[in-house]
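First comes the structure, then the notes that go with it.
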Amino acid sequence: SELRLVALDRIPAGCEVLMSYLPVSEPVGRRRRRLRHTFGFTCCCDRCTLEAGWAKEDGAPTGEQEPDQAALAAVSLLE
């Protein structure tokens with residue numbers, strides 16, 4: 001199988017071409033969870049890594065754990 005992309009502008013040789021699988025307006029936790037469930041990988045691109053760091057600082061989901069696992073971890077901390 002083959003994937004072809006058509007660029008609207010010139011892309012210099014050696015430049016990285018990136019594609020977003022999901023809208024980047026979604027929270028990082030939701031994006032990473034959907035990517036893992038749909039495509040089988042946890043995204044570690046610069047954007048997801050940066051946003052996951054911010055989410056950790058804020059106590060928000062990062063998509064690194066399933067929601068039920070995160071709840072179990074929180075409960076075990078209270079015990």
Side-chain angles (χ1 to χ4, degrees):
S1 69
E2 187 176 291
L3 174 67
R4 290 182 184 232
L5 301 172
V6 178
L8 299 176
D9 294 313
R10 287 188 169 275
I11 301 173
C15 276
E16 187 175 29
V17 177
L18 304 171
M19 179 184 91
S20 176
Y21 287 75
L22 302 169
V24 293
S25 58
E26 286 188 21
V28 67
R30 184 180 308 152
R31 284 196 320 261
R32 288 177 122 188
R33 213 171 20 259
R34 286 181 61 196
L35 288 170
R36 192 173 52 256
H37 287 253
T38 306
F39 299 103
F41 72 96
T42 299
C43 186
C44 295
C45 74
D46 290 344
R47 183 185 187 115
C48 283
T49 301
L50 178 66
E51 289 183 18
W54 292 339
K56 275 183 185 174
E57 289 175 6
D58 294 341
T62 62
E64 294 173 1
Q65 292 182 315
E66 298 299 318
D68 53 334
Q69 289 175 335
L72 289 174
V75 169
S76 68
L77 289 174
L78 297 174
E79 297 179 304

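In this text the structure is predicted, and so the values were computed from the model without any measurement.
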Subject >> Heavy-atom closest pair, residues Ala52 and Thr62 >> reply: O-CG2, 3.5 Å

Original post:
Can you tell me how far CE of Met19 sits from CG of Leu3, rounded to the nearest 0.5 angstrom?
Top reply: 7.0 Å

Original post:
Looking at Cys43 and Leu35, what are the two nearest heavy atoms and their distance?
Top reply: CB-CD1, 3.6 Å

Original post:
Looking at CZ of Arg32 and CD of Glu51, how far apart are the two atoms once the value is rounded to the nearest 0.5 Å?
Top reply: 9.5 Å

Subject >> Rounded distance [0.5 Å steps], CD1 in Ile11 versus CG in Leu5 >> reply: 7.5 Å

Original post:
Would a hydrophobic clustering, with Ile, Leu, Val, Met, Phe, Trp and Tyr connected at side-chain separations under 4.5 Å, put Leu18 with Phe39?
Top reply: no

Original post:
Under 6.0 Å from the OH atom of Tyr21, do we count more than 12 heavy atoms belonging to anything else shown?
Top reply: no

Original post:
Looking at Val28 and Pro61, what are the two nearest heavy atoms and their distance?
Top reply: CG1-O, 4.2 Å

**OP:** Please indicate whether Asp58 has more than 12 foreign heavy atoms, meaning atoms of other residues, nucleotides or ligands, lying under 6.0 Å from its CG.
**Re:** yes

**OP:** Kindly compute the distance separating SG (Cys48) from CZ (Arg31), expressed to the nearest 0.5 Å.
**Re:** 4.0 Å

